[in-house]
Amino acid sequence: MASTACFIIVSRNDIPVYEAELGSAVKKEEAAHQHQFILHAALDIVQDLAWTTSAMFLKAMDRFNELVVSVYVTAGHTRLMLLHDSRNEDAIKSFFQEVHELYLKILLNPLYLPGSRISSSHFDTKVRALARKYL
């Protein structure tokens with residue numbers, strides 16, 4: 001697993017619906033805020049690039065020191081964003097694809113209101129298990 005990873009799902013209306021600090025690094029509140037800031041700053045780049053390509057996986061979109069922002073844009077323009085220090089693009093792509101499947105299952109739940117926060121502990125557990133597996 002990467003020593004640093006922060007994962008966020010942002011709806012098409014730029015509202016974060018899920019956030020998770022992943023990785024084995026020591027968790028500090030200021031580092032978590034910095035990770036969120038980096039990911040939100042990358043949203044402008046993603047917004048511009050998402051309309052110019054048909055690819056869903058947008059590899060390394062932005063860099064900050066040794067951290068890289070990778071993005072996966074769904075057909076509904078929901079952005080799955082990962083801040084990491086890993087170099088394995090195939091594993092990151094597999095992580096995004098499997099999380100996308102989990103996200104689709106959440107969307108198919110009739111009790112879930114699209115665009116609202118994902119508070120499912122089952123979803124959180126699965127995402128963290130996928131992060132351990134791929135990152």
Side-chain angles (χ1 to χ4, degrees):
M1 177 183 266
S3 61
T4 301
C6 181
F7 177 68
I8 187 169
I9 299 176
V10 182
S11 72
R12 67 180 308 150
N13 300 326
D14 294 335
I15 299 169
V17 295
Y18 177 78
E19 296 177 42
E21 284 286 332
L22 309 168
S24 58
V26 178
K27 308 290 188 278
K28 295 181 184 174
E29 188 172 338
E30 59 211 31
H33 291 302
Q34 182 183 30
H35 294 166
Q36 290 175 358
F37 179 76
I38 295 166
L39 286 170
H40 283 86
L43 275 174
D44 293 332
I45 299 167
V46 173
Q47 188 71 22
D48 294 339
L49 196 62
W51 292 102
T52 61
T53 183
S54 61
M56 295 178 95
F57 179 54
L58 303 177
K59 298 186 183 180
M61 293 292 307
D62 197 9
R63 295 186 189 284
F64 181 81
N65 294 339
E66 72 280 351
L67 299 174
V68 179
V69 177
S70 295
V71 181
Y72 185 92
V73 182
T74 68
H77 292 286
T78 298
R79 278 81 32 111
L80 286 72
M81 303 178 74
L82 180 67
L83 179 69
H84 59 92
D85 56 6
S86 174
R87 301 281 183 243
N88 190 348
E89 288 186 4
D90 292 333
I92 292 168
K93 184 175 182 178
S94 297
F95 171 75
F96 278 136
Q97 289 172 336
E98 293 202 28
V99 171
H100 185 207
E101 287 181 31
L102 289 173
Y103 180 67
L104 288 175
K105 289 178 183 177
I106 290 286
L107 287 177
L108 291 174
N109 182 347
L111 301 176
Y112 175 72
L113 180 64
S116 63
R117 292 216 36 99
I118 298 173
S119 58
S120 168
S121 60
H122 179 70
F123 181 82
D124 185 58
T125 304
K126 290 278 193 177
V127 168
R128 291 180 188 281
L130 289 172
R132 279 191 300 278
K133 180 178 177 182
Y134 290 113
L135 303 180

### Task
Start with the C-alpha distance between L82 and F96, add both sets of side-chain angles, then the distance that settles side chain to side chain contact (heavy atoms under 4.5 Å, CB included), and finish with yes or no.
CA-CA 9 Å; L82 180 67; F96 278 136; 3.6 Å; yes

### Task
Applying side chain to side chain contact (heavy atoms under 4.5 Å, CB included), run through V127 and F7 and close with a yes or a no.
CA-CA 9 Å; V127 168; F7 177 68; 4.0 Å; yes

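Between the side chains of Y18 and D124, at least one donor N or O sits under 3.5 Å from an acceptor N or O.
Annotation: side chain of M56 is not in contact with side chain of Q97 (no heavy-atom distance under 4.5 Å). When side chains are defined from C-beta on, I92 counts as touching H84, because their heavy atoms get closer than 4.5 Å. Here the side chains of T78 and H100 are not in contact, with every heavy-atom distance at 4.5 Å or above. Residues K133 and F95 are not in side-chain contact: their nearest non-hydrogen atoms beyond the backbone lie 4.5 Å or more apart. The shortest side-chain heavy-atom distance between V99 and Y134 does not fall under the 4.5 Å cut-off. Residues M81 and S70 have side chains not in contact (no heavy-atom distance under 4.5 Å, counting atoms from C-beta outward). Taking 4.5 Å as the limit, some side-chain heavy atom of L39 sits within range of a side-chain heavy atom of V69. Side-chain contact between V10 and I15 is absent, with no heavy-atom pair separated by less than 4.5 Å.
Within the structure, side chain to side chain donor-acceptor pair (under 3.5 Å) pairs that include any residue of residues 103-121 do not occur (at least two apart or interchain).
Here the closest heavy-atom approach between residue C6 and residue E21 is recorded as SG-OE2, 3.3 Å.
Atom CG in L102 sits 5.5 Å away from atom CG in L130 (nearest 0.5 Å). Separation of atoms CG (L83) and CD1 (I38) is listed at 5.0 Å; rounding is to 0.5 Å. Distance CZ/F123 to CD1/I118: 4.5 Å, rounded to 0.5 Å. The CG atom of L43 sits 7.5 Å away from the CD1 atom of I8 when rounded to the nearest 0.5 Å.
Counting only distance, with no hydrogens or angles, the side chain of R79 and the backbone of V71 share no donor-acceptor pair below 3.5 Å.
Under the salt bridge (charged side-chain N to carboxylate O under 4.0 Å, His left out) criterion, E89 pairs with K59, not counting sequence neighbours.
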